[in-house]
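Contents: one structure, followed by commentary.
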Amino acid sequence: MGSSIAKGMKENQKEMQKEMQKKQLDMMLKQRQTQMAMQFASGKEFFHWYASFYALIFPFCIMGALKKKSPLPIIPLVPLGFVCGYQYDMYYGDKLKRIREEAERLIDREPQLFYFPKNADIVSQEEYEEILGINKNNK
């Protein structure tokens, strides 16, 4: 009778552990999602301010170029335009999707880029490969 109670307690303990792990994973994923959403919203807000600044200085640079009859005042518009375009692509285009795809490709095909330095003493290369399920064939 004692062994059946102990067996039942062990099974119950295993179920509770699995449930706790599931709850921890759920909380971790929700926290990650919230942090990413906050960063993304912050980036969009920054883009709005930056685009407003760019839209404000654009006509002044053009007027300055026409008034001075020199293209010099227009030169700052070029790098500022690239930055504005990059941010637009990030927050309203598909840049984030392209970045995610490249990250997936790197993890799949070039995992050695993410190994710890040999003297880091965190985890050995073999343990790292085992934890992440990296094939020796990928190298």
Side-chain angles (χ1 to χ4, degrees):
M1 182 168 162
S3 67
S4 65
I5 292 173
K7 185 178 179 183
M9 286 180 65
K10 280 186 180 181
E11 288 176 12
N12 191 21
Q13 189 177 19
K14 285 182 183 179
E15 286 178 32
M16 287 175 61
Q17 263 184 331
K18 284 182 183 179
E19 191 172 321
M20 289 268 295
Q21 286 175 340
K22 185 184 181 312
K23 284 182 181 180
Q24 286 177 341
L25 181 62
D26 288 349
M27 285 177 50
M28 183 185 69
L29 292 175
K30 286 178 185 176
Q31 183 178 10
R32 177 183 175 271
Q33 185 180 33
T34 302
Q35 288 173 339
M36 288 179 70
M38 288 295 291
Q39 283 183 313
F40 204 78
S42 175
K44 279 187 168 188
E45 183 66 18
F46 180 78
F47 169 73
H48 292 151
W49 281 91
Y50 187 85
S52 298
F53 167 73
Y54 186 75
L56 180 69
I57 66 162
F58 187 84
F60 290 113
C61 289
I62 299 295
M63 287 189 299
L66 293 174
K67 191 173 185 179
K68 291 188 176 195
K69 297 182 181 169
S70 166
L72 209 56
I74 296 176
I75 292 174
L77 294 178
V78 175
L80 294 175
F82 277 106
V83 172
C84 197
Y86 178 88
Q87 289 181 340
Y88 178 83
D89 190 25
M90 175 67 88
Y91 299 113
Y92 294 100
D94 66 344
K95 182 152 197 67
L96 202 56
K97 178 184 169 209
R98 295 190 313 264
I99 290 171
R100 187 178 301 115
E101 288 171 354
E102 178 63 12
E104 289 169 358
R105 187 196 68 76
L106 287 170
I107 289 169
D108 286 345
R109 297 194 184 126
E110 300 179 46
Q112 69 277 7
L113 294 174
F114 310 107
Y115 289 161
F116 290 104
K118 289 183 180 180
N119 58 353
D121 294 332
I122 295 171
V123 66
S124 72
Q125 185 173 327
E126 291 79 21
E127 290 171 321
Y128 182 77
E129 289 172 348
E130 183 181 326
I131 291 167
L132 296 178
I134 298 172
N135 285 344
K136 302 280 185 189
N137 303 350
N138 285 351
K139 294 181 186 176

(request) Give the minimum heavy-atom separation between Pro76 and Leu80, together with the two atoms involved. (result) O-CG, 3.1 Å

(message) I'd like to know whether CD of Gln33 has more than 12 heavy-atom contacts from other residues, nucleotides or ligands below 6.0 angstrom.
(response) no

(request) Search all heavy atoms of Pro73 against all heavy atoms of Ser70 and return the closest pair with its distance. (result) CD-O, 3.2 Å

(message) Under the rule for ring pair (Phe, Tyr, Trp, His ring centres under 6.0 Å), what residues qualify as partners of Phe114, not counting sequence neighbours?
(response) none

(request) Look only at the side chain of Ser52 and the backbone of His48, and say whether a donor-acceptor pair between them is shorter than 3.5 Å. (result) yes

(request) Decide whether Met16 and Leu25 are clustered together by the hydrophobic rule: side chain heavy atoms of Ile, Leu, Val, Met, Phe, Trp, Tyr closer than 4.5 Å, transitively. (result) no

(request) Give a yes or no on this: more than 12 heavy atoms of other residues, nucleotides or ligands lie within 6.0 Å of atom CZ of Phe60. (result) no

(request) Identify whether the distance between the nearest side-chain nitrogen and carboxylate oxygen of Arg98 and Asp94 falls below 4.0 Å. (result) yes

(request) Using distance alone, with no hydrogens and no angle criterion, decide if Tyr92 and Gln87 have a side-chain donor and acceptor under 3.5 Å apart. (result) no

(message) Between Glu19 and Lys23, does any side-chain N to carboxylate O distance fall below 4.0 Å?
(response) yes

(message) Quick check: is Phe53 connected to Tyr88 through a chain of hydrophobic side chains (ILVMFWY, heavy atoms under 4.5 Å apart)?
(response) no

(request) Report the residue from Phe40, Tyr50, Phe47 that forms a ring-ring contact (aromatic ring centres under 6.0 Å, His included) with Tyr91. (result) Phe40

(request) Kindly indicate, with the supporting measurements, whether the criterion salt bridge (charged side-chain N to carboxylate O under 4.0 Å, His left out) is fulfilled by Lys22 and Asp26. (result) CA-CA 6 Å; Lys22 185 184 181 312; Asp26 288 349; 3.2 Å; yes

(request) Search all heavy atoms of Cys61 against all heavy atoms of Ile74 and return the closest pair with its distance. (result) O-CG1, 4.1 Å

